[in-house]
Q: 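Structure incoming, see below.
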Amino acid sequence: MHGSSTALRVLATLVFAFLLAPLLVVVLVSFSPTPAFRIPTTEFSLDWYRKFFGMAQFRDGLFLVSLPVALASGSLATLLGTLAAVYLVRSGLASRAAMESFFMLPLLIPSILLGAALYLVAARMGVAGQAWTLVLGHTLLGVPYVIRVVGAGLVAIDPRLEEAAVNLGCTSRQAFLRVVLPLLKPAMFSGAIFAFIVSFSDVNLALFVAGPGTTTLPIHVFSQIFWEGDPTIAAASALQILVVGVLILTMQRLLKLRLSL
Amino acid sequence: MSAIDQMRQAVRASLEVRGLTKAYSSEVSVGPISFDVREGEFFSLLGPSGCGKTTTLRCIAGFERPTGGEILLGGARLDTVPAHRRDLGLVFQSHALFPHLTVAENVGFGLSVRKVEAAERRRRVADALALVGLADLGSRWPQQISGGQQQRVALARSLVLRPPLLLLDEPLSSLDLKLRQQMREELRRLQKQLGQTTVFVTHDQTEALAMSDRLAVLSGGRIEQIGTPEQIYRRPTTRFVAGFIGQANILDATIAVRGDDGVAGLRVAGPDGVVLRVRLGEGSGAVPPPGSAAAAVIRPEDVVLGDDGPDAENTFRAQVRDIEYLGEDTQVTLEAPGLPPLLASFKTTRTASARLAARGSGTLRVRIDAADIHLIPG
Ligand SMILES: Nc1ncnc2c1ncn2[C@@H]1O[C@H](COP(=O)(O)OP(=O)(O)OP(=O)(O)O)[C@@H](O)[C@H]1O
Ligand SMILES: [Mg+2]
């Protein structure tokens, strides 16, 4: 018993190391002073960050495309996903299990296929490469995450609370707005963060749908690897890791908050 | 004006439930149930799990649509009013406090829904919190107060609206024993002070007997008996009530002789069954004709042990089969010829214990007063 749990712990540590090592390498490289991707290094420099912010394509890719698109598609996915979750849970249409597995499907379909399909539609309509096409595509990617998180949050709210509100004079709509929605906020925030991250780190879909003016940061990094490849892309990736990491920590805090209620 | 006087302006109302039924499926249904609750009365629905107490309460509150029957509040139809306009107080077992609101905000919730102006709201919330003894906890979160305090907040949240009728669904059963007893007294005192018409649901007979003006005993979706706690305990009308409330010896028998003034001879079933003398009191109905089946209900505390008086009615010699010390009470199982095993109980006093010990291995004299034998249909 004890032996197997030790073995399990070792295995878990290895898996974590395996998952985290690439991230660690990227971060270390981004701070190295030489253009060669060489670690270990004892020196420290911010050269590549300086270069990153000096290059318009990177800067704009981050501030004018990736972040706004992620914000827009994250918000849109949260709105649509929440509405869908409320409808699904409240109508009793879908059992919890059925809902979970159905909305796993988009997560299992390779997003590169979704990208190709979206491209075909957008090209036929003549709207390929436009920013909102990208927003729409990313919304599509984000909605299942939101539905899952918000659906679970909704199921966890004691139905007696809504009854108590109705007993105290609320119509069912008022009860929803005054009691359910505030309690759902942490789940909605978590869903929004999921959707934001999905959009912010997507390559597959953007590869098809992004146009000249809407090249996201991951796409820039992707093409840089082919064309020049110096540690600027490591700096770009490290910045992405920072954004995503902060968001994940925020989400964890939110989820913990909700559990403690 | 004190908080109590303020809150006493509550509209009092009587409740009438007429032939209420609720069918969940062809197998499971509750009712028909009929009962009246008078103005200012504390009325309990008592019964085992699944007998339909919560269903009845939810029909009154408007969360369950009755299949049949009607409900009247102060003489006006209630069952056609939507739940959010019934203005009834309701307290759940789980408290159901809003976790995203402070204690004061919870209590003020109904007032804010009714758009009561802020100053007035604050005053009434403070009054309601003072009423339940939580004046200082308004700014706490529900997670930061104890279970008993949460229960009081839930009560204040309902009472602040001065409801004509307060519905309580096992509000004390999530509390531990000590706190439950304390809350029981507090709730009852508050209810009396406010003259609050109250329907209280519980499966705990001690609770129901201790708190109620009157109670209804339910079983299998039907009402078995309605009465004051004393009537329910001393004069059960059905076998179920006799067995469910407290402990009882229920002896199958037939009426052997019928005398005047509710006096009768009762032959206990079984070979060589003895004849017990019965004297029915006021309000116990008439003795059925000789030959009809009846059952005798005898409370264990009415079986008197080791009585040295002259041989009076219903006196036997019995063997002690089993002794169980329950602390305050001692319970003894007796065996006497012509009678089924009989349960007797007495206060565990020094003299009583000594008397029981003094019997040695011999028999004990046992007496049952004819007026302590109660008849129910056989
Ligand atoms: N929503 C429902 N759907 C189907 N059957 C139900 C539903 N609610 C209650 N019942 C059934 O109706 C009967 C009465 O239930 P109810 O909840 O009123 O009992 P209760 O007296 O409150 O019991 P307890 O003491 O366990 O709370 C039970 O047989 C129960 O299974
Ligand atoms: Mg119940």
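A, B, ... follow the sequence lines: proteins, then strands. Residue 1 opens every chain. Side-chain atoms are counted along with the backbone in the values below, which use heavy atoms only and exclude waters and symmetry mates.
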Q: At a heavy-atom distance under 4.5 Å, which candidate from L111(B), L101(B), V91(B), L88(B) has the highest pair count against chain A?
A: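 Most heavy-atom pairs under 4.5 Å with chain A: L88(B).
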Q: Would you say S112(B) and R178(A) are linked by a side-chain donor-acceptor pair, where the criterion is simply a distance under 3.5 Å?
A: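 Short answer, yes.
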Q: Mark yes or no for whether S212(B), through its side chain, and L215(B), through its backbone, hold a donor-acceptor pair below 3.5 Å.
A: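 Judged by distance alone, no pair lies under 3.5 Å.
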Q: Against chain A, label R157(B) side chain, backbone, both or neither, depending on which of its atoms sit under 4.5 Å from a heavy atom there.
A: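 Looking at R157(B), backbone and side chain both touch chain A.
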Q: Please check if the side chain of D169(B) supplies one atom and the backbone of V201(B) the other of a donor-acceptor pair under 3.5 Å.
A: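 No; judged by distance alone, with no hydrogens or angles, the pair does not exist.
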Q: If you measure from the Lys or Arg side-chain nitrogens to the Asp or Glu carboxylate oxygens, is any gap between E120(B) and R124(B) under 4.0 Å?
A: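 Looking at E120(B) and R124(B), the cut-off is met.
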Q: Using a cut-off of under 4.5 Å for heavy-atom pairs, which of P182(A), C170(A), S172(A) has the most such pairs with chain B?
A: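 Heavy-atom pairs under 4.5 Å are most numerous for C170(A).
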Q: Quick one: do I193(A) and T250(A) satisfy side chain to side chain contact (heavy atoms under 4.5 Å, CB included)? Show the steps, please.
A: CA-CA 9 Å; I193(A) 288 174; T250(A) 313; 4.2 Å; yes
Q: Checking R86(B) against chain A: side chain, backbone, both or neither under 4.5 Å from a heavy atom?
A: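 When you check distances to chain A, no heavy atom of R86(B) falls under 4.5 Å.
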Q: Measure distances from A175(A) to the heavy atoms of chain B and classify the residue's part below 4.5 Å as side chain, backbone, both or neither.
A: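 Interface part for A175(A): neither.
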Q: Measuring heavy-atom distances to chain B, does N167(A) have an atom under 4.5 Å in its side chain, in its backbone, in both, or in neither?
A: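 Answer is both: backbone and side chain atoms of N167(A) are under 4.5 Å from chain B.
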